[in-house]
Amino acid sequence: MTQGGTTPTNFIRNIIDQDLKSGKHQSIHTRFPPEPNGYLHIGHAKAICLNFGLANDYPNGHCNLRFDDTNPLKEDADYVVAIKEDISWLGFKWHGNIHYSSDYFDKLYNYAVELIKNNKAYICELNTQQTREYRGTLTQAGKDSPFRNRPISENLALFAKMRAGEFEDGAMMLRAKIDMASPNIKMRDPVIYRIRFAHHHQTGDKWCIYPMYDFTHCISDAIEEITHSLCTLEFEDHRPLYDWVLANISINAKPRQIEYSRLNLQYTITSKRKLSALIDEGIVTAWDDPRMPTISGMRRRGYPAASLREFSKRIGVTKQENTVELASLEACVRENLEENSPRAMAVLDPIKVIISNYNENKNEQLTAPCHPKDEHMGTRILPFSGEIYIDRADFRETANKKYKRLVLNKEVRLRNAYVIKANEFKADENGNITEVYCTYDDQTLGKNPSDGRKVKGVIHWVDATKNSAAEFRVYNHLFLLDNPAAANDIQDVINPDSQVIKHGFVEMSLGDALPEKVYQFEREGYFCADNKDSSSDSLVFNRTIALRASM
RNA sequence: UGGGAUAUCGCCAAGCGGUAAGGCACCGGGUUUUGAUCUCGGCAUUCAGAGGUUCAAAUCCUCUUAUCCCAACCA
């Protein structure tokens, strides 16, 4: 399958098609509702592609960005900034202004009052412990709160006082009056407002009571005239409550909540709480550490936005629990990069090669294509002198025929340059090779040896006199286990080699490599300059992903 | 007898009563100045299991089994 093209159908599209066909809706309106309490990760990327993708694919479709900010204790304006950037980078535009659930705090308050007036909500003074006891268990019905039958007038007065700040945190709460015996625990008089003397990043100190998710989300959807409110499976039990709230207040719009299964990805964790812990414990450096499955981490690492969109398209949308293999994501990244990244050469673990028959005054400027198949990418200049660097792994004193690189007394092709032959080498006292002495065949530039002898291998190289020194950060799985969430202690399954630092050289043309621009370092993999730590004075390249390896 | 959901190839996933799409992975052949790419070929007589309805069932019915979610004043 080539990247791009149309999105395969799924059960949500089928529902939308029916709604459009039946005339229930003329167009669709979705929303992406992140809570600004952390950075967006690959799971959110799926949700973003789903919601914004739907809006893009249907005529007159719209998708709102709404920050679900009803818990000031956990949220922060910094996250709002990062989330907006991530969505834009992923390639999506939200409809109109950015929305916040907190925009609706006044309306929400009034709807709560309406519920009270209709005897559908009451002020409860049970403490946390008591509330839990009264709620019952999975198999036992709950029992009514002693405050359940408070007169409406008293509820109204108490709620007003709650808002006025006359009670302490946790002293009381507003509860919907539904059914303490419901088999669905979510319907056992759920809390809809709590007291929190906390500063809110959007509303400041205006409020000391904050609405709960279940009360807020459905009303926010209705206010924004969302037609299809998509969320993950764990909210299935909340749907009756979502519908109950909208049915019991004077609001016309009746958005439909549809649940789909969240994405699980091998070797990664998609829990903001756990990702946050990785940072706190110093296992990674930040939310955008290239090892993080966050959108900003993947961006920093070099994953193209288009490959994330393609991935989200390939995994589909269903209600089945799933764990996608990492290889599936990586295939999308490689497919994109193979086509779009310019080629270059870099040596990560250098040993010097001295070409003894090369005239030391003959400094050549070789020309090499930036892409083997796309000539529009142009060419670049490769300085070539008598001294070059090759990778330590590309030379052996002896080797079997499967080894297609440089071997003592044998020949190898230098990529984009000449065929060389190794004649001798030097090693230090530990046996580590320090220098290899070669001779080159000056008749092999751009052509095979004229006498017909076959040169089996091709290795990459960097000129030893004109180049840029660079640090390479080679990334591997952050976790040793494909299902790290199952570990008792996450510390036990951290891969100690999730980041391996190497120092070597890149070809001269890479001296001013732009951050996040990905190159294929031939035979090594895809790399991009780090968007935080790299500068032209001190280059730092992140390995986006290795080349597919087969041998 | 708490409630809610899900079961199609190793991993995703189409399929919606007419006789198992596709992608990833994997296994072979070819091309190649990247052990990359590209390319050609292979990869579910079977749809969690057992019954039943039907000319015909992955699709309808019944029962069984397995797995996931729910008892925050989180979202």
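Quick note on labels: first sequence line is chain A, next is B, and so on, each numbered from 1. Below, all heavy atoms of this structure are taken into account, side chains as well, without hydrogens, waters or symmetry copies.
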Candidates [options] - which lies nearest the side chain of [X]:
X	options	answer
A:Met212	B:A25, B:U34, B:C74	B:C74
A:Lys186	B:C70, B:A14, B:C38	B:C70
A:Glu35	B:C74, B:A71, B:C73	B:C74
A:Met173	B:C74, B:C73, B:U34	B:C73
A:Gln320	B:C73, B:U8, B:C74	B:U8
A:Lys74	B:C74, B:C12, B:C24	B:C74
A:Ser328	B:C24, B:A25, B:C12	B:C24
A:Val324	B:C70, B:A75, B:C12	B:C12
A:Leu547	B:G15, B:C24, B:A36	B:A36
A:Glu338	B:A71, B:U34, B:U37	B:U37

Quick one: do the [X] and [Y] side chains pair a donor with an acceptor below 3.5 Å?
X	Y	result
A:Tyr242	A:Asp221	yes
A:Gln257	A:Glu259	yes
A:Thr216	A:Asp68	no
A:Tyr519	A:Glu507	no

Measuring only the [atom1] atom in each nucleotide, how far is [N] from [M]? A whole number of Å is fine.
N	M	atom1	value
B:C60	B:G4	C1'	24 Å
B:C11	B:G52	C1'	34 Å
B:C24	B:C61	P	36 Å
B:C68	B:G29	C1'	44 Å
B:A44	B:U1	P	46 Å
B:A75	B:U67	C1'	25 Å
B:G15	B:G30	C1'	35 Å
B:C47	B:C9	C1'	10 Å

Take the protein atom [atom1] of [X] and the nucleotide atom [atom2] of [N], then report the distance between them rounded to whole Å.
X	N	atom1	atom2	value
A:Ile185	B:G3	CD1	C1'	8 Å
A:Met345	B:A36	CE	P	18 Å
A:His371	B:C38	NE2	C1'	11 Å
A:Asp214	B:C70	CG	C1'	12 Å
A:Gln266	B:A25	CD	P	12 Å
A:Ile258	B:G4	CD1	C1'	17 Å

What about [X]: does its side chain form a donor-acceptor pair under 3.5 Å with the base of [N]?
X	N	answer
A:Arg343	B:U34	yes
A:Gln520	B:U34	yes
A:Lys373	B:U37	yes
A:Gln140	B:G2	no

[X] side chain near [N] phosphate (N/O to OP1/OP2, under 4.0 Å):
X	N	value
A:Arg196	B:C73	no
A:Arg405	B:U34	no
A:Arg194	B:A75	yes
A:Arg135	B:A72	yes

Contact class for [X] (heavy atom, under 4.0 Å): base, sugar-phosphate, or nothing?
X	result
A:Ile545	nothing
A:Val412	nothing
A:Asp169	nothing
A:Ile315	sugar-phosphate
A:Arg413	base
A:Thr318	sugar-phosphate
A:Thr323	sugar-phosphate
A:Lys319	sugar-phosphate

**OP:** Hey, which sits more toward the 5' end of RNA chain B by its nearest nucleotide, A:Pro183 or A:Thr9?
**Re:**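 Residue closer to the 5' terminus by nearest nucleotide: A:Pro183.
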
Original post:
If you find the nucleotide of RNA chain B closest to A:Ala549 and the one closest to A:Phe11, which residue's nucleotide is nearer the 5' end?
Top reply: A:Phe11

**OP:** Assess the pair A:His201 and A:Tyr79: is the distance between their ring centroids shorter than 6.0 Å?
**Re:** no

Subject >> Within the 6.0 Å centroid threshold, strictly below: A:Phe11 and A:Tyr260 >> reply: no

Watson-Crick or G-U wobble partner of [N], both distances under 3.5 Å:
N	value
B:C16	none
B:U67	B:A5
B:A36	none

Subject >> Nucleic acid contacts - residues 234-241 of chain A versus RNA chain B, non-hydrogen atoms under 4.0 Å >> reply: A:Glu234, A:Phe235, A:Glu236, A:Asp237, A:His238

Original post:
Given A:Phe215, which of A:Leu241, A:Val245, A:Leu174, A:Thr70 fulfils the side chain to side chain contact (heavy atoms under 4.5 Å, CB included) condition?
Top reply: A:Val245

Original post:
Taking syn as any angle within 90 degrees of 0 and anti as the rest, which one fits B:A58?
Top reply: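 Anti, since the glycosidic angle lies more than 90° from 0.
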
